[in-house]
Amino acid sequence: MQKVSVVILNYNGKDNTLDCLSSLQNVVTIDTKLEIIVVDNASKDESVAFIKSQISNLKSQKLQLKVIENRENLGFAGGNNVGIRYALEHGADYVLVLNNDTLVDKNLIDELLKVGNSDENIGILAPKIYFAKGFEFHKNRYTEKDLGKVFWYAGGKMDWKNVIASHKGVDEVDHGQYDKTEETSFASGCCMFMKKEVFGRVGLFDKKYFLYYEDADLSERLKEAGYKIIYNPSAIIWHKNAGSAGGSGSKLQDYYITRNRLLFGMRYAPLRSKLALIKESMKVLISGRYWQKRGILDFYLNKFGKGSYKV
């Protein structure tokens with residue numbers, strides 16, 4: 001019997017986390033042991049007490065749940081690493097890193113396992129990800145029947161010329177146009193289903209990133225080690241977009257995306273793109289927003305991890 005450990009990182013998001021756990025209660029698995037690991041990143045909203053108060057009810061639904069409390073906010077990378085280490089130490093064959101602001105289809109695990117077990121060279125599987133109802137970028141664009149079927153991720157694309165990672169299918173209604181199981185450039189940290197062997201070969205998330213681009217970095221290291229990243233459209237989740245990061249275009253995103261895009265690009269991009277990134281960063285230092293400028297400065301000062309941003 002295989003064991004799948006689901007790692008859910010919580011930071012001041014107790015309601016989202018409980019919704020996610022509730023959806024996991026409905027997951028159906030065949031000959032699979034399922035463990036849920038909630039890692040709290042030093043929340044200040046009494047998340048841990050709230051989640052623990054719900055454990056008895058969740059366990060009554062046969063959901064094996066472990067809560068780990070971090071003493072400080074370790075970011076997405078460091079926080080998830082704590083959960084991944086626990087999972088590996090306790091016999092996980094697969095680790096599913098799952099955002100707390102997601103809801104899962106009942107067949108998610110079995111659909112991921114079907115493909116994962118079919119090829120030893122697969123390292124990461126990524127599901128089809130829809131916007132959760134009401135969390136679409138352009139809510140007025142869709143009819144009522146479209147809601148819940150609008151893509152957030154249908155595979156990843158990496159534009160190496162401009163060093164920009166993007167998702168296939170964003171804002172499109174699902175009409176079956178992304179129903180092919182295929183290799184993809186990167187898996188989103190929103191939901192990454194990973195074999196235990198991957199971590200022994202390439203390591204965990206790089207804590208330098210703290211937040212954003214750590215998923216793309218792990219994807220690149222995995223491909224360099226000879227593994228494949230597979231988009232599996234038969235596995236489905238719904239995402240409350242930016243539910244745990246304060247919304248798109250925030251100061252937090254200005255800082256971490258700006259700094260970490262430079263870090264990622266200088267590691268993996270072609271030489272011409274690296275030179276373009278340096279030139280672009282000089283322009284941002286002159287005319288960018290405050291936290292973009294701080295992100296650029298911290299990159300050149302080798303200030304990574306949490307960096308200057310006050311989380």
Side-chain angles (χ1 to χ4, degrees), residues 9 11-13 39 41-42 70 72-82 84 97 99-101 153 156-167 170 185-190 192 202-224 239 241-311:
L9 186 65
Y11 178 66
N12 296 332
V39 179
N41 241 355
N70 289 336
E72 62 178 305
N73 184 354
L74 301 177
F76 183 92
N80 275 302
N81 284 349
V82 170
I84 293 169
V97 171
N99 269 20
N100 74 319
D101 56 354
Y153 171 98
K157 297 184 292 184
M158 186 61 67
D159 175 359
W160 286 112
K161 181 179 179 181
N162 298 294
V163 194
I164 296 175
S166 61
H167 297 176
V170 175
S185 295
F186 68 90
S188 167
C190 177
M192 303 175 78
V202 306
L204 309 185
F205 289 115
D206 187 340
K207 294 188 294 184
K208 276 190 170 184
Y209 288 90
F210 193 78
L211 180 67
Y212 296 118
Y213 274 91
E214 66 286 290
D215 50 1
D217 179 90
L218 182 59
S219 294
E220 287 303 311
R221 285 188 277 134
L222 180 139
K223 289 187 293 184
E224 288 179 350
H239 186 209
N241 182 57
S244 54
S248 299
S250 65
K251 295 175 182 178
L252 177 146
Q253 289 188 343
D254 270 357
Y255 177 74
Y256 288 110
I257 289 178
T258 301
R259 186 195 69 180
N260 292 349
R261 177 169 165 258
L262 270 171
L263 174 59
F264 177 79
M266 298 307 285
R267 281 183 174 178
Y268 302 109
L271 177 59
R272 181 176 295 181
S273 297
K274 290 178 181 178
L275 295 174
L277 274 177
I278 294 171
K279 183 178 179 180
E280 178 187 331
S281 71
M282 296 301 105
K283 292 181 180 179
V284 173
L285 278 175
I286 296 171
S287 59
R289 295 184 293 273
Y290 175 78
W291 282 108
Q292 289 177 316
K293 293 179 181 179
R294 289 296 297 269
I296 296 292
L297 285 172
D298 279 3
F299 170 77
Y300 287 112
L301 292 172
N302 203 34
K303 192 171 184 179
F304 296 108
K306 185 179 292 187
S308 297
Y309 191 82
K310 305 300 181 184
V311 179

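Since the structure is predicted, the reported quantities are computational estimates derived from the model, not experimental observations.
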Nearest 0.5 angstrom please: [X] [atom1] to [Y] [atom2], how far?
{"X": "Arg261", "Y": "Ile296", "atom1": "CZ", "atom2": "CD1", "result": "8.5 Å"}
{"X": "Met158", "Y": "Ser166", "atom1": "CE", "atom2": "OG", "result": "8.0 Å"}
{"X": "Asp206", "Y": "Leu218", "atom1": "CG", "atom2": "CG", "result": "9.5 Å"}
{"X": "Leu297", "Y": "Leu301", "atom1": "CG", "atom2": "CG", "result": "6.0 Å"}
{"X": "Asp101", "Y": "His239", "atom1": "CG", "atom2": "NE2", "result": "3.5 Å"}
{"X": "Ser281", "Y": "Tyr300", "atom1": "OG", "atom2": "OH", "result": "2.5 Å"}

For [X], give me all partners under side-chain hydrogen bond (donor to acceptor under 3.5 Å, both in side chains), at least two apart in sequence or on another chain.
{"X": "Asp217", "answer": "Tyr209, Arg221, Arg267, Tyr268"}
{"X": "Ser308", "answer": "Arg294, Asp298, Lys303"}
{"X": "Ser185", "answer": "none"}
{"X": "Asn260", "answer": "none"}

Item to check | Any residue meeting salt bridge (charged side-chain N to carboxylate O under 4.0 Å, His left out) with Lys223, in chain and number order, not counting sequence neighbours | outcome: Glu220
Are any side-chain N or O atoms of [X] and backbone N or O atoms of [Y], one a donor and one an acceptor, separated by less than 3.5 Å?
{"X": "Glu214", "Y": "Tyr212", "answer": "yes"}
{"X": "Asp215", "Y": "Ser188", "answer": "no"}
{"X": "Asn73", "Y": "Gly75", "answer": "yes"}

Item to check | Flag if over 12 foreign heavy atoms under 6.0 Å of NZ, Lys293 | outcome: yes
Heavy atoms only: give me the nearest [X]-[Y] pair and the separation to one decimal.
{"X": "Arg259", "Y": "Lys208", "value": "NH2-O, 3.1 Å"}
{"X": "Phe186", "Y": "Ala216", "value": "CB-CA, 4.5 Å"}
{"X": "Leu211", "Y": "Leu252", "value": "CD2-CD2, 3.3 Å"}
{"X": "Val163", "Y": "Tyr213", "value": "O-OH, 3.8 Å"}

Does some side-chain heavy atom of [Y] sit less than 4.5 Å from a side-chain heavy atom of [X]?
{"X": "Lys157", "Y": "Ile164", "result": "no"}
{"X": "Val39", "Y": "Asn80", "result": "no"}
{"X": "Asn100", "Y": "Leu9", "result": "no"}
{"X": "Leu263", "Y": "Phe299", "result": "yes"}

Only pairs under 3.5 Å count here: list side-chain donor-acceptor contacts from residues 270-279, not counting sequence neighbours, and write none if there are none.
{"residue": "Ser273", "atom": "OG", "partner": "Trp160", "partner atom": "O", "Å": "2.6"}
{"residue": "Ser273", "atom": "OG", "partner": "Lys161", "partner atom": "O", "Å": "3.3"}
{"residue": "Lys274", "atom": "NZ", "partner": "Met266", "partner atom": "O", "Å": "3.2"}

Item to check | Centroid separation Phe210 to Tyr256 less than 6.0 Å | outcome: yes
Checklist entry - Between Tyr309 and Tyr255, what is the ring plane arrangement, given parallel below 30°, perpendicular above 60°, and tilted in between? => result parallel
